[in-house]
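Keep in mind it's a predicted model, so treat the numbers as computed, not measured. Ligands are counted one by one from 1 in listed order, and the atoms in each one are counted from 1 as well.
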Amino acid sequence: MERTYHVGNATITKIPELILDANTPDYLYPDWDPLFLSEHADWLVPENMDPVRTHLIQSIHSWLIRTKEHTILIDTAAGNDKERVWSPRFHRLNTPFLERLRAAGVTPEMVDYVILTHIHIDHVGWNTRRRGDAWIPSFPNATYVFPKAELEWNSNPENYPENARVKFVIYEDSILPVVQAGQAELVVPDGSEFLPGISFIPVPGHTPGQMAVVFESCKEAALFGGDIMHHPIQVYRPEWNSVYCEDAEKARASRRRALEYLADRHALYCSSHFAGTSAGYVTRKGDGFRWEFC
Ligand SMILES: [Zn+2]
């Protein structure tokens, strides 16, 4: 059973989908320095790096926020039955994700908002599920909230590099059915309140239109940062971009702003890909930062 966090009047629960253990640190972080491992092995191994110290451990999951008024899912992992021929780890998955959501006390019908930080293979998959030959929204009563710039970029196959155009299928099977069902709402992340306690801030870099979700209740706060970080290593090395970050300078700036916010606001960070509980706190240490799971 996943831990449930209390932030003000709300509860926050992770809904797990997959554990990843296939990324080596020098693949995920082109600037990787093996010295990092000797300085940080005590917390890295075995929860965040395998015991033989060759591969990083990461998680793919959603976050469930329950407030008095709303049942909200943030990001929807990779999804079942999706054709992902270029990415075997996500190809035709069959995981009990919706059963895990039910085990947390929530049926798909109860979700009234699905918020997507960005449109990547491992963040939008459970937007839809297969019925016969069609893809239908997994959450029939939900409004799906997308950053406007992300949806506009991803909806045009001409924007994809020719050697990556196969990835347009993500839009076709996980986004378009939601748009066609009239369940999509596009937002410009500007920090204004979208729902009670919920606001969006721009964190471009990993993708052009990525947004983070801020949740505040009774003076407490949580931040859902999308892919501003892929592993807690980046709390200690905010200048290291992942191999997936599209705009290096913007990604570094967004990460640093988020870390400063997390430390100064003492906000719970709900990560997209950290292993273990996937959540914790950032504190300042010298001119840098420190991470602690909770
Ligand atoms: Zn991701």
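Atom OG1 of residue Thr128 and atom CD of residue Gln183 lie 11.0 Å apart, to the nearest 0.5 angstrom.
Residue-and-atom listing of protein N/O/S atoms under 2.8 Å from the Zn ion (ligand 1), sorted by chain and number: Asp122 OD2, His123 NE2, Asp227 OD2, His273 NE2.
With hydrogens and angles left out, the side-chain atoms of Thr13 and Thr4 include a donor and acceptor closer than 3.5 Å. Counting only N and O atoms by type, the side chains of His206 and His120 include a donor and acceptor under 3.5 Å apart.
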With a 3.5 Å cut-off and sequence neighbours excluded, list the donor-acceptor pairs that the side chains of residues 192-201 form with protein atoms.
from: Ser192; atom 1: OG; to: Asp190; atom 2: OD1; distance (Å): 2.6
from: Glu193; atom 1: OE2; to: Gly197; atom 2: N; distance (Å): 2.9

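Side-chain N or O atoms of Glu150 include one that pairs as donor or acceptor with a backbone N or O of Gly209 at under 3.5 Å.
For Glu172 and Lys167, the salt-bridge test fails: no basic side-chain N is under 4.0 Å from an acidic carboxylate O.
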